[in-house]
Amino acid sequence: KALWVVGTNPAASLPEADSVRAALAACPFVVVSDGIRDTDTTAFAHVLLPAAAWGEKDGTVTNSERRISRQRAFRPPQGQAKPDWWIVSQVAARLGWGRSFAWTKPAQIFREHAALTRFENNGTRGLDLGPLAELDDHDYDDLSPIQWPVGPDLEGSARLFADGRFNTPDRRARLIAVCHRAPRRQASEDFPLVLNTGRLRDQWHTMTRTGLVPRLAAHTNEPFLAIHPDDAAIDGVKDGELARVTSATGSALLRVRLTPDQARGSVFAPIHWNRQFSAAGGVGSLASAETDPLSGQPEMKHTPVNVAPWQPGWRGFLVSRVRLQPQTDYWVRTAAEGCWVYTLAGTELPADLAAWAEALTGPAANLPAANLMEFHDTRRSLHRWVRLEGERLEACLYLDPDGPAVPPSWLVQRFALAEVPAEQRPWLLCDRPPDGGASGGAEARGRIVCACMNVTEQSILTAVADHGLTNADQVGASTEAGTNCGSCRSEITTLIERSQIEANESPRA
C-alpha cells in the first residue's frame, strides 16, 4: 500500500497518464526521491526526499555502447540533498535491513555490482564486470573508461561476440523468426489520425530542468501538433490556432503547426510539456498503455486520435516574476530572463474579472502589493493590468481577443531591468514599444535557432541573403550558429533551403 518513486516523473511520462495520476492520488503513502522540487509526480508525494543532481554525484555511468566511465561531482549537493545510494541505505536501515545496505561510499557499491554480474554467469550473460570487483578504492577512483564484458586482464570488449560465441547455454546464436504484428489500437472513423510522439532538440524528458532555462525555451515556447495541410483542411484546423486532440484515453490542447513534411494520416506532438508547464499540453494522457508482447514497450508512437478546432472565447498573456498555475482552460508557462511568460486562453472570462486579475498579479500570487496601472475597453474586450513595485516591473496581464498570443519581446525585456524608466512606464499598457512602433531591432530578432551561441532565425536568414551562403558550414563561419554541439545544423540547412526557394519565387525586378 506504499510507493517509492526514484528520479522519474510517471505522472507525466507514462501512457494513459490520467490513470497514473488517479492511482497516485489513491495510494495511501507515496514517497518521491528527486532532484527537482516541483514535478507532476511530487505533487502526489506524502514524503519528499531531496536527491543530489547529476553534477553533484560521484560514481559511474554506462552509455549505450556499454562504456563505463567514472563520474565525479563538480559541485557539492545543495541544501539537504543527498546521493540516491545514501537515501536507499538510510531507508533500508530504518526498515531493519541496514546490514545488507551498509555502504559508506560509491566504490563499495560498484564492487558489489561488479561481483553480482559475475555470480552464476558462466558466459550466459554479456554483462560481466567480475574482475572489477577486486578494485581497491584508489584503482576505482582512477578507473579509465572501459566497455563490458571485462576480461581477467582488466581489458574491455569493444565488440561483442567477435569470437562467434553467444550468451546461450551452448554458446550458439539463436535466430528467431518473427512476424509483423500491427498495433492493437488502429485508426478508425472516430479516431482517424495516428499520433506519433517524440522529442524536441532543446528539451529533455518532462522539462523539469531544461524548462527552467530561458535560452532553451526560446526555440519552441508552446506544445504543438504538427499536421499535414490536407489533413488540417479536413479537420477544420488552422495554422497557429488551437486544436483539441482526443484519444480513447484522454485529450490535450495543442497549437496547430501546418507542415507538408508531416506524413498524411499522421500527426506529431512533443512529449515534454506537462502540468507544471501547461494546463493541457501533455501527450501522456493520449497515449495507449497497450504494450508489445515481447519488449513490453507501450504504443507511444501509434495512438489513434481525433483532431478538432478549439476556439477560445478569450485569450491573452501574463508576464510575472513568480511561477503560477492560472485557473484557465489553456495556459503555457515559458521561462524568460527575470520572469515567466504565460500564454492564456479560455472559454469564458471570470465573472469577477478584477478579483481574477488580482489573484494573478497581486499578493495572492506571492507578488508585492505594488502599484497598479489599468486599462479597460469593454466595447473591444481589452483589459490590461500592470504591477510595479517602485520602479521595478512585477507583472503584466493582457486580455485581447484579437491581440498577440504571446507578449512582445520589448515588454518581456523590461523584466530583466532593475527599474523601468519613468518615461517608459505608461507604454507598459500599450501593445507597442515606447518609440511608437520600432523596437530597436530586438523585436525582429525572432526565435532562437542555435541555443549554444544564441543565434536567432532572423540572423541566419539575413546572413544567408546578404552573403549568398549555401550550407551550414558557411552559416557557422558567418554567425557561429551550429559550431558547438551541432544539433541545430539540420534546421540551419532547412532555413537555407527555404530562403533559396523564396528567392527563386520572388518576382525579378
Side-chain angles (χ1 to χ4, degrees), residues 1-14 24 27-64 66-119 127-146 148 150 204-213 276:
K1 296 279 179 116
L3 177 67
W4 187 1
V5 181
V6 179
T8 188
N9 194 10
S13 61
L14 286 183
L24 288 169
C27 185
F29 188 61
V30 178
V31 180
V32 179
S33 177
D34 206 313
I36 301 296
R37 170 61 179 85
D38 295 313
T39 74
D40 283 25
T41 303
T42 60
F44 296 96
H46 298 93
V47 174
L48 286 175
L49 301 176
W54 68 271
E56 303 164 349
K57 292 181 179 181
D58 181 79
T60 62
V61 294
T62 305
N63 68 9
S64 57
R66 315 179 321 280
R67 191 179 302 277
I68 304 168
S69 301
R70 278 284 284 116
Q71 174 177 309
R72 298 169 179 85
F74 60 79
R75 62 177 295 172
Q78 302 299 293
Q80 295 179 297
K82 296 290 185 180
D84 291 315
W85 66 264
W86 185 92
I87 294 173
V88 170
S89 67
Q90 295 300 305
V91 172
R94 285 158 174 77
L95 293 176
W97 297 94
R99 292 182 58 186
S100 299
F101 296 85
W103 310 309
T104 59
K105 50 191 171 185
Q108 296 170 323
I109 303 171
F110 182 82
R111 286 191 287 267
E112 180 178 330
H113 166 59
L116 288 172
T117 67
R118 178 174 54 190
F119 180 69
L127 176 58
D128 188 346
L129 312 178
L132 299 182
E134 310 306 324
L135 295 180
D136 59 25
D137 289 355
H138 180 270
D139 290 335
Y140 169 78
D141 286 337
D142 291 341
L143 180 66
S144 297
I146 187 171
W148 59 261
V150 179
W204 177 252
H205 290 350
T206 58
M207 295 175 65
T208 52
R209 289 175 296 174
T210 54
L212 308 178
V213 183
Q276 300 302 308

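When reading the values below, keep in mind they use all heavy atoms of this one structure, side chains included, and skip hydrogens, waters and symmetry mates. From a predicted model like this one, the values you see are computed outputs, not experimental measurements.
In terms of heavy-atom proximity, Ala102 sits nearest to Gln108 at O-OE1, 4.2 Å. Taking both residues in full, the closest heavy atoms of Ser33 and Trp4 are given as CB-NE1, 3.7 Å, listed atom of the first, atom of the second, then distance. The shortest heavy-atom contact between Pro28 and Lys1 is CG-O, 2.9 Å. The heavy-atom pair separating Pro106 from Gly59 by the smallest distance is CB-CA, 4.4 Å. Summarising the geometry of Thr117 relative to Gly130, their closest heavy-atom pair is OG1-N, 3.8 Å, with the distance given to 0.1 Å. The shortest heavy-atom contact between Arg209 and Ile36 is CG-CD1, 3.6 Å.
For the atom pair Leu127 CG and Trp148 CH2, the distance stands at 5.0 Å (nearest 0.5 Å). The distance from atom CG of Leu14 to atom CG of Asn9, rounded to the nearest 0.5 Å, is 9.0 Å. Rounded to the nearest 0.5 Å, atoms OG (Ser89) and CG (Asp84) are 10.5 Å apart. We find the CG-CG distance between Asp139 and Leu132 to be 10.0 Å, quoted to the nearest 0.5 Å. A distance of 7.0 Å separates CD1 of Ile146 from CD1 of Ile68, quoted to the nearest 0.5 Å. Note that OG1 of Thr8 is 8.5 Å distant from CG of Asp34, once rounded to the nearest 0.5 Å.
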Worked verdict on Val31 versus Leu49 for side-chain contact (heavy atoms from CB on, under 4.5 Å)
CA-CA 7 Å; Val31 180; Leu49 301 176; 3.7 Å; yes
Using ring-ring contact (aromatic ring centres under 6.0 Å, His included), reason through Phe110 and Trp103 one step at a time and then give a plain yes or no.
CA-CA 10 Å; Phe110 182 82; Trp103 310 309; over 10 Å; no
From CA spacing to verdict: side-chain contact (heavy atoms from CB on, under 4.5 Å), Leu3, Leu24:
CA-CA 8 Å; Leu3 177 67; Leu24 288 169; 3.4 Å; yes
Derivation and outcome, side-chain contact (heavy atoms from CB on, under 4.5 Å), residues Leu129 and His113:
CA-CA 8 Å; Leu129 312 178; His113 166 59; 3.6 Å; yes
Full working for salt bridge (Lys or Arg N to Asp or Glu O under 4.0 Å) between Lys105 and Asp137:
CA-CA 9 Å; Lys105 50 191 171 185; Asp137 289 355; 2.3 Å; yes
I would like to know whether Gln71 and Thr60 meet side-chain contact (heavy atoms from CB on, under 4.5 Å); could you show each step before the answer?
CA-CA 5 Å; Gln71 174 177 309; Thr60 62; over 6 Å; no
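Using a 4.5 Å cut-off on side-chain heavy atoms (C-beta onward), Val5 and Phe44 make no contact. A 4.5 Å side-chain heavy-atom check between Leu143 and Asp141 finds every atom pair outside the cut-off. Side-chain atoms of Val88 and Val91, non-hydrogen and from C-beta on, never get closer than 4.5 Å to each other. Two residues are said to be in side-chain contact when any heavy atoms from C-beta on lie closer than 4.5 Å; Leu48 and Thr42 meet this criterion. Within the 4.5 Å cutoff, no side-chain heavy atoms of Trp85 are placed close to those of Ile87.
Around CZ of Arg72, the count of heavy atoms belonging to other residues, nucleotides or ligands within 6.0 Å exceeds 12. For Phe119, the CZ atom counts as loosely surrounded, since its 6.0 Å shell holds 12 or fewer non-hydrogen atoms of other residues, nucleotides or ligands.
In this structure, Lys57 forms no cation-pi arrangement with Trp54, as its terminal cationic atom is not both closer than 6.0 Å to the ring centre and no more than 45° off the ring axis. Cation-pi check for Arg111 over Tyr140 is not met; the charged atom does not lie both under 6.0 angstrom from the ring centroid and within 45 degrees of its normal.
Side chain of Arg66 to backbone of Thr62: no donor-acceptor contact under 3.5 angstrom is found. Formation of a donor-acceptor pair under 3.5 Å by the Glu134 side chain with backbone atoms of Pro131 is not found in this model.
Trp97 is linked by a ring pair (Phe, Tyr, Trp, His ring centres under 6.0 Å) to nothing, counting only residues two or more places apart in sequence or in another chain.
Classification of Arg70 and Asp142 as a salt-bridged pair fails, no side-chain N sitting under 4.0 Å from a carboxylate O.
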